[in-house]
Amino acid sequence: MSIRQEVLFKIKSVALDKINSPEKVSSYFGENTFGMEAMRKHISKATFAAFKAWMSESKTISLGQANEIADAMKEWAISKGATYYTHWFQPMTGLTAEKHDSFISFTGPGKVIEKFSGSKLIQGEPDASSFPSGGIRATFEARGYTAWDPTSPAFIIESTLGKTLCIPTIFISYHGEALDKKLPLLRSDEVLNKAAVGLLKLFGHKDVKKVFSTCGPEQEYFLIDKNYYNLRQDLVMAGRTLIGAPSPKGQQLEDQYFGTIKERVVNFMFEVAQEAYKLGIPLMTRHNEVAPHQYEFAPIFEESNIAADHNQLLMELMKKIALRHNLVCLLHEKPFAGINGSGKHVNWSLSDDQGNNLLNPGETPEDNLQFLVFLVAVLRAVYLHADLLRASVASSGNEHRLGANEAPPAIMSVFLGEQLNMILNMLESGVKSKVSKRDIVDLGIGRLPRFNRDMTDRNRTSPFAFTGSKFEFRAVGSSQNISTPITIVNTIIAESLDYVTNAIKTVKGTGKDFNSEVLKVISAIAKETKDIRFEGNNYSEDWIREAKKRGLPNVAATYEALEAFTEKKNIVLFEKYKVFSKEELVARYHIWIHMYNLTLEIEANTLKEMVNASVVPAGYKYEKLLARTLHELVELEKSAGLKIDPAALEDKKAHLSDVISKIYYVRRNTNEMAELLEKAKEHSDEKRAELYFKELKLLMEHIRKHVDQLEYVVSDDAWDLPKYREMLFIK
Ligand code: ADP
Ligand code: MG
């Protein structure tokens with residue numbers, strides 16, 4: 001029996017304590033966070049007021065006030081059982097990082113007290129010199145600093161034997177450059193705020209003080225049994241299967257999507273939700289996705305930077321809790337070949353401080369005019385900066401998805417839905433010099449229905465779709481930190497809002513008709529950006545041809561997509577808005593190219609080992625079985641006159657030859673791959689990424705093809721690697 005078959009008998013769900021009546025969520029939601037409510041309870045009125053002013057008007061607080069908050073935070077955390085604290089940050093690797101410190105402090109020999117000061121709250125110095133900086137930090141000043149991000153509440157992470165207070169922070173260099181994904185996001189929200197408030201003023205909303213982006217990321221993932229996972233080096237090392245023949249049943253029956261959730265999985269979902277609620281993560285929906293053993297969680301939307309933190313936390317919770325259920329949560333964009341990969345639909349909108357969603361059509365014709373202005377600003381942003389959007393989702397994992405026939409293509413386009421599209425088409429042909437309310441109504445702008453989910457499309461193929469009161473950026477990868485995509489979206493839309501504001505400003509107050517001028521601006525943008533609108537099937541070949549005709553970029557390779565971060569026009573844009581300096585932007589390019597290379601090297605080396613230590617020996621076992629049988633039969637023919645049909649004998653020989661050849665192909669290509677990896681060492685990172693994309697990936701695919709063919713014929717008990725049909729169809 002193979003190890004794999006032994007594992008088959010070990011597959012079982014864990015025993016769980018039955019809950020007779022679960023607690024009401026409202027009774028514990030957010031109990032592990034030091035949010036506004038907890039803070040109000042634990043600090044003085046004056047300090048609380050100062051803190052609020054800090055949040056809403058950017059008025060900083062004093063060190064004394066910071067000390068008071070730190071002390072309150074510590075008391076609160078200790079009362080909950082926390083003994084350690086950490087500055088929690090999001091380095092450019094895409095993970096989250098923490099370095100824990102105890103609360104203790106000596107008060108005399110052998111005597112300690114729990115202490116936590118304002119300065120420790122505000123700044124940390126984790127000496128995190130091993131994090132990638134892309135050349136921003138020279139080694140002599142390699143330290144990175146963490147600084148408190150008070151906009152995101154501190155929280156407590158529970159593990160079986162203790163609790164840790166986590167303080168969300170940004171991570172910066174000695175000179176203040178962003179070494180993380182969070183600081184640029186905060187900067188971009190500020191830029192968006194200014195631009196949107198400016199535009200709203202023109203529409204008479206002088207009372208709006210703040211506009212922010214909102215985000216609800218839909219998180220897709222796979223679950224597989226831990227026993228299988230442990231037997232697959234590729235899943236352990238690379239998070240995806242590098243070999244593995246498709247099972248006869250995949251997703252073709254479409255019997256998984258929205259199907260009944262298996263007991264084992266739903267238990268996992270209950271526990272994730274419970275832990276998420278304690279942390280104030282507002283999980284809302286959960287369901288089966290298209291591929292077997294693929295699922296999704298979606299939260300209620302929140303302010304973007306909170307949503308980004310929450311999504312990072314959610315991914316960590318999912319991974320941790322899966323293990324408790326004898327499962328492993330796979331967040332990779334393409335864990336299994338031949339069936340759908342996982343993405344993260346990032347729902348994005350704009351909200352003002354009065355609770356209005358600026359991408360929701362309003363009640364009056366004027367409101368709708370304003371809505372259209374915001375809408376075309378988004379169109380213009382995507383039109384002008386499709387390259388940046390593509391770059392914001394570029395990674396080796398996502399490269400398997402974008403452009404494949406299941407996920408948004410690498411071509412960026414916007415879907416608006418029939419009604420909005422019609423209005424824009426109509427406007428394109430021109431606008432009267434004086435536009436009355438009646439005219440607006442006639443244009444169909446008077447009464448736009450709230451585009452709730454039933455009204456808008458279910459065009460699931462668009463990478464940037466308007467779905468009611470929000471845009472859905474669907475090209476984001478499932479394992480990605482959403483901060484970067486949001487940073488890019490915020491910045492390019494801020495730039496567009498500024499453009500529109502200026503265009504309207506130049507006519508406002510000149511005595512011209514306001515409605516008419518606004519419509520003219522809308523009309524001009526609708527015309528200019530028409531090529532970015534696409535209502536059809538984004539997965540079709542026709543669209544690829546059509547997009548090419550329209551001159552829309554279609555960048556499949558990660559290394560090419562990332563080049564957008566080094567282009568002059570983009571550097572100028574980000575420097576203008578102070579979201580990234582040139583150094584910061586170029587650093588990201590270098591880090592992400594480097595990470596792409598490292599990932600591919602890990603994959604290739606894992607494949608090499610699997611082939612040499614697992615696949616080939618299994619092939620030899622089977623080869624030996626065939627050779628022996630053949631030999632014995634021929635012997636029997638000679639010695640005992642056994643009658644063998646010549647055709648049957650030929651078939652046996654052909655089968656053996658075939659197996660011998662397949663093993664040979666696999667080995668030959670694997671050796672070639674090893675040579676390629678050696679050769680690549682001579683090249684720069686950029687060149688290497690190109691080589692990996694153009695040659696290494698093809699070679700890996702080729703090896704896979706032959707290995708998968710072997711998997712289909714090698715005897716089941718010689719094959720140690722869990723098969724797709726097992727991993728994807730566990731009960
Ligand atoms: P759909 O069916 O179109 O995907 P849902 O209502 O199910 O729409 O929402 C999907 C996700 O979009 C949810 O996570 C939700 O919180 C988020 N979402 C809804 N409205 C907004 C908004 N205004 N801003 C950001 N995200 C939003
Ligand atoms: Mg959706």
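Counting convention: from 1, in listed order, for ligands and their atoms alike.
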task = With atom 1 (P) of ligand 1 as the reference point, say which of Glu296, Lys470, Glu302 has the nearest heavy atom.
result = Lys470
ask   = Hey, is Cys215 touching ligand 1 through its side chain, its backbone, both or neither, going by heavy atoms under 4.0 Å?
value =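 Backbone only.
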query = For ligand 1, does Glu218 get within less than 4.0 Å through its side chain, its backbone, both, or neither, judged by non-hydrogen atoms?
reply =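 Side chain only.
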query = Taking only residues at least two apart or on different chains, which pairs with a member in residues 346-358 satisfy salt bridge (Lys or Arg N to Asp or Glu O under 4.0 Å)?
reply = none
query = What pairs meet the salt bridge (Lys or Arg N to Asp or Glu O under 4.0 Å) rule with one or both residues in residues 414-423, with sequence neighbours excluded?
reply =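 Found none.
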message = Geometry only, no angles: is Thr214 polar-contacting ligand 1 at N/O separations under 3.5 Å?
response = yes
ask   = Which ligand 1 atoms does Asn357 reach within 4.0 Å, using its non-hydrogen atoms?
value = 23 (N)
key: ligand 1 atoms in contact with Ile300 (distance to a heavy atom under 4.0 Å)   =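 Under 4.0 Å from Ile300, ligand 1 has these atoms: 16 (O).
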query = Is NZ or CZ of Arg286 both nearer than 6.0 Å to the six-membered ring centre of Phe270 and within 45° of the ring axis?
reply =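 Positive - Arg286 is close enough to the ring of Phe270 and near enough to its axis.
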inquiry  = Do Arg240 and Phe336 form a cation-pi contact, if we require the NZ or CZ to be under 6.0 Å from the six-membered ring centre and within 45 degrees of the ring's axis?
reply    =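 Negative - Arg240 is either too far from the ring of Phe336 or too far off its axis.
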ask   = Does a donor on one side chain sit under 3.5 Å from an acceptor on the other, for Tyr295 and His293?
value = yes
ask   = Regarding Asn305 and Thr151, is there a side-chain donor-to-acceptor distance under 3.5 Å anywhere?
value = yes
ask   = With a 4.0 Å cut-off on heavy atoms, is Pro299 touching ligand 1?
value = yes
